[in-house]
Number of protein chains: 2
Amino acid sequence: MNFTKTTEYGLRIMSYMSLDNSKLYTANDLFNNLQIPFRYLRKQLNFLSKQGLLVSIQGKQGGYQIAKPLHEITLLNIVEATDEVIPENKCFFGFHDCPLTEKCSMHDKWGDVRDATLEILRTTTLFDLNKEKCSINLSLK
Amino acid sequence: MNFTKTTEYGLRIMSYMSLDNSKLYTANDLFNNLQIPFRYLRKQLNFLSKQGLLVSIQGKQGGYQIAKPLHEITLLNIVEATDEVIPENKCFFGFHDCPLTEKCSMHDKWGDVRDATLEILRTTTLFDLNKEKCSINLSLK
DNA sequence: ATTTAATGATACCTTTAGGGGTTATTTAAA
DNA sequence: TTTAAATAACCCCTAAAGGTATCATTAAAT
């Protein structure tokens, strides 16, 4: 009942980099500021680049940068890139042939929660995160 | 962004057995009606018994039965028994030292979703599931 | 008493998420 | 043109979740 570490790291990386999306961040820089194991961070930066969320620049003075305008990247984009997203019609009890047309009490209740979750992920962009004061800086040691 | 299989199975088992909580269900019976691998099902029935959610009766004519009145078992009880409990104040970005007193936009938004999720799990009992028509039967092949 | 139909206990196997190590490749700067 | 600072690629290790196999124990029915 959580995001995977990979998704969590993905959200953390992208949100941190969105604080200044014109800047080129090195893996070392991110390692020093985020609480992510170095090798795993490297692997994931690579992955996020291949997914088109980051642009990577090789060589000396290289680094990573957010690939698109902040308002074009939603949290759902990040979650989808790093994990399987909850299918829209997933049965609460995990029956793969639970017909959505047949309503059980959990279908409705759970559907509401799932929809609310997805709605937030879908409508919140990296730009939105920084509109208001965000504690990302504060939350780092 | 899902329950674990173990939690999903737990919910499935308990909800199915709540259709008739006076009945003694054998592992074989449950295997024939739920879509859970037999050996794993056996292990989990054992586990749920130790957790006090089921009562097991050994020997010929034995089986499993829900341990308490249906209205005394919430979905959260089942989730907590089979998975790590969802922390109340978990930072969306997974920073373990993210201070809740400092508000970032995600803290509020995500907090609302998390609260709604927990509220449903906490307030829905096995009794509630069967108040309304439930498609559990229909969802089985 | 013996058989039989049930659960209990335990150890093992498999897959995958998370993490680590090493060597190549790129490119700006000396 | 060599060096240094960066990313890329590849392979391996570990722990935990999910799943399997086997044998022991219980207790009703014969």
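All values below were derived from every heavy atom in this structure, side-chain atoms included, with hydrogens, water molecules and symmetry-related copies excluded. Here is how names work: the chains are called A, B, and so on, in the same order as the sequence lines, proteins then strands, and each is numbered from 1.
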Practice task
Report which part of the nucleic acid Y64(A) touches: base, sugar-phosphate, or nothing (heavy-atom distance under 4.0 Å, all strands).
Solution key: sugar-phosphate
Exercise for the section: Look at all strands and tell whether T4(A) reaches a base, only sugar-phosphate, or nothing, counting heavy atoms closer than 4.0 Å. Expected result: sugar-phosphate
Problem - Inter-residue atom distance T124(A).OG1 - N77(A).CG, 0.5 Å rounding - result: 11.5 Å
Exercise for the section: Examine dA8(D): is either OP1 or OP2 under 4.0 Å from a nitrogen or oxygen in the side chain of N46(A)? Give yes or no. Expected result: yes
Problem - ring pair (Phe, Tyr, Trp, His ring centres under 6.0 Å) partner of F31(A), the single match among Y16(A), Y64(A), F38(A), Y25(A) - result: F38(A)
Practice task
Grab the CD-P distance between Q58(B) and dA27(D) for me, whole Å please.
Solution key: 6 Å
Completion exercise
Rounded to whole Å, the CZ-P distance (R42(B) to dA24(D)) equals 15 Å
Exercise for the section: Whole angstrom is fine here: how far is it from OH in Y40(A) over to P in dT16(C)? Expected result: 14 Å
Exercise for the section: Drop me the distance from D29(B)'s CG to L34(B)'s CG, to the nearest 0.5 angstrom. Expected result: 8.5 Å
Practice task
Go through the side-chain N and O atoms of N46(B) and S49(B) and say whether any donor and acceptor fall under 3.5 Å apart.
Solution key: no
Exercise for the section: Select base, sugar-phosphate, or nothing to describe what L45(B) touches, counting heavy atoms under 4.0 Å on all strands. Expected result: nothing
Completion exercise
Residue pair R39(A)/Y9(A) against DNA chain C: nearer the 5' end by closest nucleotide is Y9(A)
Practice task
Check whether any side-chain nitrogen or oxygen of S56(B) sits under 4.0 Å from OP1 or OP2 of dG8(C), and answer yes or no.
Solution key: yes
Practice task
Could you tell me the separation between the NZ atom of K43(A) and the P atom of dA17(C), rounded to a whole number of Å?
Solution key: 11 Å
Problem - Separation of I66(A) CD1 from K23(A) NZ (nearest 0.5 Å) - result: 12.0 Å
Exercise for the section: Please report, rounded to the nearest Å, how far the P atom of dT7(D) is from the NZ atom of K50(A). Expected result: 15 Å
Exercise for the section: Please work out if S49(A) contacts a base, only the sugar-phosphate, or nothing of the nucleic acid, heavy-atom cut-off 4.0 Å. Expected result: nothing
Exercise for the section: Would you mind reading off the distance between K60(A) atom NZ and dT7(D) atom P, rounded to a whole angstrom? Expected result: 13 Å
Practice task
Would you tell me if any nitrogen or oxygen in the side chain of T26(A) comes within less than 4.0 Å of OP1 or OP2 on dA5(D)?
Solution key: no
Exercise for the section: Grab the NZ-P distance between K5(A) and dA16(D) for me, whole Å please. Expected result: 13 Å
Completion exercise
I13(B) CD1 to dG18(D) P, in whole Å, measures 13 Å
